[in-house]
There are 2 protein chains.
Amino acid sequence: MPLLSKSAEYAIRACIFIVARSQAGHKTGLKEVAAAIGSPVFFTAKILQGLSRQKLISSMKGPNGGFYVPEEAFDITLLDLVQAIDGTDLFTECGLGMKQCSDSNPCPIHDQYKPIRAQITAMMENTTIQSLARRAIIDANGKTIKGLSLKNDLPESVLSQKTAG
Amino acid sequence: MPLLSKSAEYAIRACIFIVARSQAGHKTGLKEVAAAIGSPVFFTAKILQGLSRQKLISSMKGPNGGFYVPEEAFDITLLDLVQAIDGTDLFTECGLGMKQCSDSNPCPIHDQYKPIRAQITAMMENTTIQSLARRAIIDANGKTIKGLSLKNDLPESVLSQKTAG
DNA sequence: ATATTTATAGATATTCTTATCCTTTTATAC
DNA sequence: GTATAAAAGGATAAGAATATCTATAAATAT
């Protein structure tokens, strides 16, 4: 089992790209997003539709339309995104899935799992999509992300060249 | 998404019960296990069969048969169990599921996720089923686990009464 | 206004996980 | 040996996650 669903993975990667593009003043169409992050187009559509419905990202129909994130919303976090897609189980539920589990009635792994769950939550709470997008390396024409890995081993000069605060 | 699959949850709970019973010198039948941990009987059968095939637990057919863990194997860990059921993804894979992700070619959340993955791994590596079973509260006739929560808020006297090292 | 572009919505397919049932094998008790 | 008890194995079903396709609605450009 992975930590995140496929949907959440695509959502995060897509949003990093969309925010990076939004910071450069561009809306991004579905097909561009899918091409940039290497995700199945129609499935990506469903995911972005959901995020749009939940107001985590914005969209515009018609020519020159696409997905974008307005400046006021740059501070959406990994936690926002993951909760919107995968729900809150990872952050609230017992490690063994037991409804009765609590501090006063702990499951067998309660003490071991609790700090891990807290650390996962804190990390996602403290990581904004914007902060990830700031480090993203977009290619010259703004269409793709280097090797699907937004941050890579290019020299710092290239990095600062492509990333506008 | 939960951290563990349903199969892994049942496996852990079942093994805690089986080890606790093994420490008391008893084999435990499938139906007893399922009743004790509140899991679907036939599904539990499949899970225990798999663990048995992988030699994480042992089993005997016939009257007075059942599942057990021999003393030499008391030190199986959460990691052994979870990897046997859910595979190694949680412990080795990139947080965003990207094959190319590595220290030298990190994905956007590589730096944030790496220590968390390490902590999950360390926790499971360092937690033996035996250590969890030692704290388990089994009822007087040895058939059930208190409220499905193996460790609970009973007084220490009761705890030491029921748990033999 | 019309054509074009793009997101939205609904319906369907596919695969994986979870769950159940039935038959076979193996060990014990008698 | 025969009956009985229990795990092992195979087949099937139900549900959820992933993925695809088609039709609709909205915005822009002309």
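Keep in mind that the numbers below use all heavy atoms, side chains included, and drop hydrogens, waters and symmetry copies. Here is the naming used below: chain letters follow the sequence lines, and residue numbers restart at 1 for every chain.
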Rounded interatomic separation in angstrom, taking NZ from Lys61(B) and C1' from dA27(C): 8 Å

Checking contacts here: which listed nucleotide (dA19(C), dT18(D), dA25(D)) is nearest the side-chain heavy atoms of Phe43(A)? dT18(D)

State, without any angle test, whether Asn105(B) and Ser102(B) hold a side-chain donor-acceptor pair at a distance under 3.5 Å. no

Check the distance between dT17(C)'s C1' and Leu4(B)'s CG and give it to me in whole angstrom. 15 Å

Separation of Tyr68(B) atom OH from dA7(D) atom C1', in whole Å? 12 Å

Would you compute the distance between atom CE of Met1(A) and atom CD of Glu93(B) and round it to the nearest 0.5 angstrom? 13.5 Å

Whole-Å distance, Lys6(B) NZ to dC16(C) C1', equals 16 Å

Within residues 45-58 of chain A, the residues having a heavy atom closer than 4.0 Å to DNA chain C are Lys46(A), Gln49(A), Ser52(A), Arg53(A)

By nearest-nucleotide position on DNA chain D, the 5'-leaning member of Thr44(A) and Pro63(A) is Thr44(A)

Could you state the OH-C1' distance from Tyr10(A) to dT20(D), rounded to the nearest angstrom? 13 Å

CD1 of Ile37(A) to CE of Met98(B), rounded to nearest 0.5 Å, is 9.5 Å

Select from Val41(A) and Asn64(A) the residue whose nearest nucleotide in DNA chain D is closer to the 5' end of that strand. Val41(A)

Measure the distance from CZ on Phe42(A) to P on dA11(C) and round it to the nearest whole Å. 17 Å

d(CE, Met60(B); P, dA7(D)) in whole Å: 11 Å

Identify whether the distance between the nearest side-chain nitrogen and carboxylate oxygen of Arg21(A) and Glu32(A) falls below 4.0 Å. yes

Check whether any side-chain N or O of Ser59(B) sits under 4.0 Å from OP1 or OP2 of dA6(D), and answer yes or no. no

